[in-house]
Each structure stands twice: as structure tokens, then as C-alpha cells.
**Q** 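To start, I am sharing the structure in question, which I have written as C-alpha cells.
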Amino acid sequence: MKTSKHFSLLLMTIVTLLTACSQKAEYDLAITDVILFNSKDKSTQSHQTILIKADTIAAIIDAKTPFTSESIIEGKGRLLIPGMIDTHVHLVGNYGVDAETPSEFMDGNGLDMLRELTAHSYLKHGITTIIDMGQPETWMDITLDWQKNPSPAYPDLFICGGSIVSDEDRQQPAHHIEVMNPEDGRAKVREYAKKGLKYMKLYRKLRKPDYEAMADEAKKQGIIINSHVDNNVVTIGEAMDYGVRNFEHFFTVTPSILSYDHWPLMEAKYNIKMNASIDEFAAHMVFFFSYIKEQPEFDAKLNKLFDSMAAEGASISTALNVLASAAGKTDFFSSFEYFPIRTTPMVSYSDEQQKQLDFAYQSMMEYIKKAHDKGVQLRIGTDCRFGGSAMMSELILLAKAGIPVEEVLKIATLNGYESMKLDKERGSIEIGKKADMVLFDKNPFKNLENFNSTKTIIKGGKLFSLKRSIAHEIKDVFTQMTDEEALTWFKKAKTSPEYAPLDKIELQNAVKELIGGSKIKEGMTVYKIYKEEFPKDPMSLNGILLTNTTYALIREKQYKVAIDFYRFSESNFPKSDKFLALSILISILENDIAAGQRQFDQFKDKETYLLDENEMNGVGYLLLQLDKVEEAIAVFQMNVSAFPNSWNVYDSLGEAYLLVGNRPEAIENYKKSLDLNPKNSYGIAALKKLGVQ
């Protein structure tokens with residue numbers, strides 16, 4: 001039987017197609033024709049194609065070599081680098097979650113919302129790994145679960161547990177974990193090792209015996225110590241003697257060569273006051289670098305420290321953008337504390353002081369470059385709320401300081417992974433490593449501002465895609481635009497395909513953060529939006545948050561705003577805890593002392609309000625600070641009638657009477673205080689001053 005030539009060709013074509021369709025592609029994802037950055041030798045190689053199988057880099061080939069892949073990302077000659085790492089973040093704290101326990105985030109998708117914030121704040125910028133450097137232990141089960149169950153949708157997370165400090169006779173922040181003695185410190189290391197932690201953080205007030213014992217136990221347990229030492233307790237040199245190699249924040253090199261005796265000298269030199277605000281604290285850390293540079297003895301000591309750190313293979317994180325923000329040297333503002341919400345630092349310097357700060361900042365950047373040039377391993381650790389944006393800013397600042405772009409990229413990638421002992425699977429683009437990569441739209445080698453360009457993120461072998469969040473952005477919009485402009489933005493965003501559907505829990509969190517960040521008007525406006533969008537889901541807010549926000553406004557003498565906010569809270573969050581002391585204070589400010597007295601008399605024995613002796617006393621002292629002495633005396637008198645067996649309330653009332661020159665009443669109340677507590681040293685001293693033995 002004859003077969004036509006055309007039929008034979010058709011048959012061969014069909015067989016070929018069927019064969020091709022029956023063969024599964026060899027790779028899952030290909031990134032074609034890129035400029036590949038080698039973080040190990042800091043070289044670049046053009047026309048490379050990266051082939052990925054599952055979550056792993058399977059092959060690196062010339063762009064002309066044929067391959068088969070399920071999906072393809074066309075590189076088009078763009079720069080491809082490994083996923084970056086931020087080695088110092090705080091998920092609970094300056095990241096934005098201020099709850100000591102996760103209980104208030106358990107309802108609905110609250111925890112999912114928090115984890116998704118890490119995608120918005122870090123992963124979308126190309127930061128594929130983050131290290132949490134201190135959190136309340138109440139959060140550890142949740143964050144350890146995130147650590148053990150990574151996802152392409154979020155950055156990989158590794159935690160350190162709490163920030164370890166020695167026992168002190170004061171209330172510690174929730175993320176500071178006290179150890180009582182060296183053996184207790186060893187037990188804490190063993191506890192964390194048993195939980196599966198890779199890292200621990202030894203903090204600035206850990207005493208030497210505790211520090212040495214914990215560093216020694218960490219070696220035995222295979223835990224990597226990261227240490228913040230700037231309190232003239234343990235120096236970087238001493239910590240290295242104990243075997244520690246990872247240090248937090250470049251500014252902590254200065255206390256390792258200077259004692260606290262230099263604080264007053266520096267304050268006098270630059271006419272500054274210590275710690276007027278968290279931003280001024282950051283600026284003061286900058287001032288120390290010019291203080292050192294101008295004195296050859298200290299300059300030599302700092303250079304010697306860099307040599308020693310390099311010889312020991314030590315690494316140090318940056319926190320550079322926070323200090324640059326305080327000095328006014330960066331376009332993106334960040335701070336160690338997010339609240340109150342602001343876009344400029346809380347500093348107040350004269351023109352002359354600013355010139356001195358400019359010189360100090362230049363000195364700091366020269367020392368950073370010198371440390372890098374000597375071989376100290378710099379790594380990025382932003383330690384602020386918006387770590388992704390802050391990190392891009394830090395990379396630009398490092399490059400402007402004279403560190404070549406290829407070195408900056410290594411600092412952002414391999415340096416951090418090596419110091420955290422994660423470089424076996426991450427930190428460089430090599431066969432067998434995790435497929436976490438960043439593809440720049442614009443090349444930062446050509447222009448430093450391109451660090452901020454749009455990026456394509458590959459996380460765990462998957463193309464990362466994240467829709468913009470209305471609730472995540474709404475805080476910035478309402479604090480930077482007029483209400484009319486912000487509402488117009490909101491209406492457009494609701495219907496835009498760029499944004500995910502409006503999320504109830506995220507919007508609740510936005511209200512909470514605006515109010516907690518002293519953006520009262522904006523918070524109230526966004527709350528109205530919430531009520532309109534989710535009328536069947538009433539929102540609750542923590543009574544302590546509402547109360548503390550009101551007190552903050554009163555301290556700033558924003559009386560009308562405080563009163564309006566208090567009434568707003570009463571009507572919109574009636575189930576939140578209410579405190580009688582604040583209610584009395586509002587009544588006094590809104591009307592007079594008599595109104596406050598009526599409020600006290602009506603509710604002192606009822607459960608409507610919580611009555612607390614210490615809070616009443618605090619309100620009395622707040623009124624004294626506001627120069628409202630008569631009002632303060634009235635509140636102290638109410639407190640005496642409510643707690644007649646407390647020596648402290650009589651002591652406070654005596655102090656108020658003394659301020660107005662009423663000696664008889666001052667003496668009488670101090671005597672009552674001593675009758676109840678003969679060891680009250682304040683009362684004894686006051687009576688002695690009044691001539692009463």
C-alpha cells in the first residue's frame with residue numbers, strides 16, 4: 001500500500017507533538033537571561049539562566065542553552081541577586097505589634113494578618129529572611145511555628161526568644177527576660193535549645209558572671225549568641241573573649257572604648273541633653289563618633305577594636321537608617337520606636353548643633369567604611385518598623401559612604417547569612433541552594449536610587465505576588481493627605497484591582513495604631529470608615545490603650561482634643577475598661593473641681609469604673625506638672641478618702657500642700673503618713689525640712 005508524502009509528514013508531526021506533550025518539563029521555573037550576581041566573589045556574569053526544581057536551584061546555564069520548564073520569568077538582562085536578610089527585627093514591638101500576649105489577635109484572622117505584614121514590610125522589598133532579636137516569651141509558640149513552617153508567601157523567620165538581662169529591681173519590658181544568676185542563665189540557654197532555637201540575644205544589662213556563663217552554655221548547646229553591649233557592663237572585646245562573635249548595632253562600638261564618664265563631657269561639648277526623646281538618643285549615638293574622631297587617643301582605640309574584631313571574624317549589624325534619620329541624612333524616616341507616628345525626628349537643634357551633627361554623621365560613616373575595609377563583617381539589621389524600606393535606604397547610605405555596590409550587595413546577602421550560619425542553604429545563587437532571589441527592574445550598579453526600584457521576588461521557588469493592602473497603607477495616607485484627599489484615595493483603592501479586598505481585621509489594626517500613635521483625628525476618621533464598611537461587626541479597643549492615649553494628650557496640654565477623644569471612646573467602645581481617675585480628670589478639665597468631686601462621689605463604690613490608688617495618685621501628680629495645684633490637691637484628697645489606710649496617699653497630699661505653702665496641712669498629712677509607715681524616708685525628710693522632728 002502506498003502512502004502519500006504529505007500524509008507521512010503529517011503523521012511524523014503528530015507523533016512528535018504527542019511525544020512532546022507526554023514529556024513533563026524538566027524544571028518548574030526558569031529565570032532567563034539575567035546578570036547573575038555572585039555574592040561570594042562579588043562578580044557579575046551576564047546572559048545566565050537559572051533553573052529551579054521545587055524550592056531549590058537545580059541548574060545554572062548559559063542563556064542560549066535549551067531547556068524545558070513549566071514556567072518562565074524573562075530576565076531581559078536584569079540584575080539577579082540572592083534573597084536579602086535583615087538580621088535584627090522585632091515582630092513584637094517596633095514592628096508594630098505591641099501586645100504582651102497574642103490573645104487579642106486570636107480572633108478571626110488576626111495572626112494571619114500579622115504574618116502577612118511581614119510580607120508587606122520585608123518580602124516585597126526582596127528580604128527573604130528575617131531574624132527576630134527579642135520578643136515576649138508568650139509569643140514564642142506562635143513564632144516558632146512560623147519558623148518551623150516556612151512559606152513562599154512570607155519571609156523565612158528565625159527567632160531568638162527574649163532579650164536576656166540580669167535581675168533588676170524594676171519593671172522590665174515584656175520582651176526583656178531576667179535571669180537571677182549564672183546557673184539560672186545556663187538553664188535559660190538549655191530551655192531555649194530544647195525548644196529548637198538557633199539563636200539567643202544577650203542584652204546590654206546582663207552582668208559579667210551571667211553573661212560569661214550563658215555564652216559558655218550556648219557553645220555547649222550549639223546556640224549562636226547575638227549580643228547588644230553598650231552599657232559599660234561587658235565590652236565587645238570582653239564578649240569576644242567569652243566566644244561571642246555577633247554584635248548588634250554599629251553605634252555600640254563607642255561604649256566599648258569610652259566609659260559613662262564621657263557622657264557629661266560630650267553633653268557639655270555639644271550643648272545637648274541626654275535622652276530628651278528616642279530620636280535625640282539616636283542622634284547622641286552619632287555625636288559620639290565626632291567626639292572620638294577629634295581625640296587621637298580614642299580614635300586609635302576604635303581602630304584597634306576594628307582590627308581585633310576583624311581578626312576574630314566578628315560581625316556587627318547596622319541600624320544605620322535610624323541614626324541617619326535622626327541626623328536628617330535620609331529620605332526615608334525610621335526610628336527605634338514607631339509611636340508616636342511621625343515622618344520627621346523628634347529633635348530640636350540649633351543651626352550650630354546641626355552643623356556639629358553633620359560632621360558627626362560624616363565621621364560615623366567614615367568609621368563604618370574603615371571597619372568594613374579592615375575586615376569587620378557588616379550585616380544589615382534595621383531594628384525599626386518598616387524594615388524593607390529602611391534596608392533599601394541603608395544600602396544607598398553605605399554606597400554613598402564609599403563602599404562599592406558589589407560590597408553593599410554582599411553585606412545585604414551573604415554576610416548576614418554567614419554570621420547566622422544559614423549560608424549552607426541561603427545567601428548565594430548556587431546549585432542546591434534555596435531558590436530565594438531578587439530580580440531588579442533597574443540596576444543599582446548604574447544608579448544607587450535603583451535599590452528602590454520595583455523588584456520581582458522568587459521565594460521558595462515560587463514567584464511572589466502580593467496585592468497592595470488598603471488597611472496597610474491607610475495609616476500613611478490619612479496622616480499625609482487632607483481628609484478629602486484621603487477619602488478620595490480610599491474610594492478609588494476599594495475598586496482598584498491593585499488592592500486586595502478590604503480586610504476587617506487589618507482595618508481594626510489600622511484604627512488601633514493610629515490612635516496609639518497619637519494620630520487621634522485620623523484614627524477617629526478611619527474608625528468611621530470601619531463602621532460604614534463593617535456595620536454588623538462592632539469593634540473593640542483595649543481600655544488601657546484608650547486611657548493612655550488620653551493621658552498623653554493631656555500631658556501635651558491638648559485639653560480639647562483629649563476631652564473629645566475621651567467622649568468618642570465612651571460612646572464607641574462602651575465595653576472597654578474605664579478608669580475613675582481619668583473620668584475625674586476629664587470632668588475637672590471640662591468643667592471644674594466640683595464636677596470632678598461629683599464624679600468621684602457618684603462612682604467610687606460602683607463597678608462602672610475601676611478605682612486604683614496609684615492611678616489616682618498619678619493624676620494628682622499630672623495636675624501638679626500642669627500647674628493645676630488646687631485641682632491636684634482635690635484629687636489627692638479624694639484618694640485619701642478612698643484609701644485611708646495607705647501611707648502613700650497622705651505623703652502625696654502633704655507634698656501638694658507644701659507646694660502651696662500650707663505648712664499646717666503639709667505637716668498633718670506627713671505625720672499621718674509616718675503613723676502608717678514609720679520608715680517612709682520621704683516623709684521623714686519633709687518633716688525635718690519643715691522643722692518637725
Side-chain angles (χ1 to χ4, degrees), residues 88 133-134 163-170 172-173 176-182 185 200-216 225-270 272-276 278 280-309 312 314-319 322-323 326 336 360 363-364 367-368 371 376 381 383:
H88 194 126
M133 276 291 164
S163 299
I164 309 299
V165 298
S166 291
D167 175 41
E168 288 186 309
D169 187 20
R170 71 180 183 96
Q172 295 284 1
H176 287 187
I177 309 302
E178 290 183 329
V179 294
M180 302 297 111
N181 51 54
M200 287 187 71
K201 178 181 177 182
L202 304 187
Y203 201 44
R204 58 202 297 263
K205 292 188 177 181
L206 192 63
R207 291 187 287 270
K208 284 183 181 179
D210 301 340
Y211 192 108
E212 185 176 7
M214 294 187 73
D216 178 66
I225 292 297
N226 301 275
S227 190
H228 177 147
V229 287
D230 70 344
N231 209 39
N232 283 159
V233 179
V234 177
T235 66
I236 289 176
E238 289 168 334
M240 289 193 296
D241 289 341
Y242 300 148
V244 176
R245 293 295 180 268
N246 287 352
F247 298 96
E248 300 309 309
H249 309 327
F250 186 77
F251 68 79
T252 62
V253 297
T254 63
S256 284
I257 63 168
L258 296 173
S259 70
Y260 270 155
D261 295 339
H262 290 274
W263 272 107
L265 298 175
M266 190 186 78
E267 290 174 1
K269 180 178 177 65
Y270 302 114
I272 56 178
K273 293 182 180 179
M274 177 56 184
N275 294 6
I278 189 66
E280 288 193 359
F281 166 81
H284 295 169
M285 297 302 100
V286 179
F287 273 119
F288 264 123
F289 287 97
S290 58
Y291 182 85
I292 290 169
K293 184 177 180 180
E294 292 172 342
Q295 302 185 63
E297 174 191 357
F298 299 131
D299 176 76
K301 283 184 177 181
L302 185 53
N303 277 283
K304 186 176 180 181
L305 177 61
F306 292 154
D307 290 334
S308 176
M309 292 176 70
E312 295 292 341
S315 80
I316 191 163
S317 68
T318 49
V322 169
L323 272 63
F336 287 124
S363 301
M364 180 181 73
Y367 279 125
I368 285 178
V376 178
D383 194 14

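By convention here, the first residue in the shown sequence is residue 1. Below, each value reflects all heavy atoms present in this structure, side chains not excepted, and no hydrogens, waters or symmetry copies.
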**Q** Of all the heavy-atom pairs spanning Phe287 and Ala360, show the shortest one and how long it is.
**A**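 So the two residues come closest at CA-CB, 3.8 Å.
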**Q** Quick one about Tyr211 and Ser227 (side-chain donor to acceptor, distance below 3.5 Å, no hydrogens or angles considered), yes or no?
**A**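 The answer is yes; a qualifying pair exists.
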**Q** Could you report the tightest heavy-atom contact between Val322 and Asp383, atom names first, then the distance?
**A**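 Closest pair (atom of Val322, atom of Asp383, distance): CG2-O, 4.3 Å.
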**Q** Between atom CG of Asp230 and atom OG1 of Thr235, what is the distance when rounded to the nearest 0.5 Å?
**A**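 Spacing of CG (Asp230) from OG1 (Thr235) equals 12.0 Å.
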**Q** Ignoring hydrogens, what is the shortest heavy-atom contact between Asn232 and Leu258? Give both atom names and the distance.
**A**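 Heavy-atom minimum between the residues: ND2-O, 3.1 Å.
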**Q** Which heavy atom of Asp210 sits nearest a heavy atom of Leu206, and at what distance?
**A**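 Heavy-atom minimum between the residues: CB-CD1, 3.8 Å.
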**Q** Flag the pair Phe288 / Trp263 as yes when their ring centroid distance falls below 6.0 Å, and as no otherwise.
**A**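 Yes, ring centres under 6.0 Å apart.
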**Q** Where do Glu248 and Ser317 come nearest, in terms of heavy atoms and distance?
**A**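 Heavy atoms of Glu248 and Ser317 come nearest at OE1-OG, 3.1 Å.
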**Q** Name all residues meeting the side-chain hydrogen bond (donor to acceptor under 3.5 Å, both in side chains) criterion together with Lys304; count only those two or more places apart in sequence or in a different chain, and write none if there are none.
**A**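 Lys304 satisfies side-chain hydrogen bond (donor to acceptor under 3.5 Å, both in side chains) with no other residue.
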**Q** Hey, are the side chains of Thr318 and Phe250 touching, using non-hydrogen atoms and a 4.5 Å cut-off?
**A**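 Not touching, per the 4.5 Å side-chain cut-off.
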**Q** Taking Lys269 first and then Glu294, would you say they form a salt bridge - that is, a charged N and a carboxylate O separated by under 4.0 Å?
**A**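 Yes, Lys269 and Glu294 are salt-bridged.
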**Q** Evaluate ring-ring contact (aromatic ring centres under 6.0 Å, His included) for Phe247 paired with His228, printing each intermediate quantity in order.
**A** CA-CA 6 Å; Phe247 298 96; His228 177 147; over 10 Å; no
**Q** Just jot down the salt bridge (Lys or Arg N to Asp or Glu O under 4.0 Å) partners of Arg245, sequence neighbours excluded, or say none.
**A**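 Expected list: Glu312.
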**Q** Testing the basics here: between Leu323 and Ala282, what is the closest heavy-atom pair and its distance to 0.1 Å?
**A**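 Scanning both residues completely, I find the closest heavy atoms to be CG-O, 3.7 Å.
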**Q** Answer whether the closest heavy-atom distance between the side chains of Asp167 and Val179 falls below 4.5 Å.
**A**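 Result no, sub-4.5 Å side-chain heavy-atom pair not found.
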**Q** So, taking the atom named NE2 in His249 and the one named CZ in Arg204, what distance separates them when rounded to the nearest 0.5 Å?
**A**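 Interatomic distance, His249 NE2 to Arg204 CZ, rounded to 0.5 Å: 10.0 Å.
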**Q** Any heavy-atom pair between the side chains of His284 and Met266 that's under 4.5 Å?
**A**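 Contact flag for Met266/His284 side chains = yes.
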**Q** Do NZ/NE/NH1/NH2 and the carboxylate oxygens of Lys293 and Asp299 come within less than 4.0 Å?
**A**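 No, Lys293 and Asp299 are not salt-bridged.
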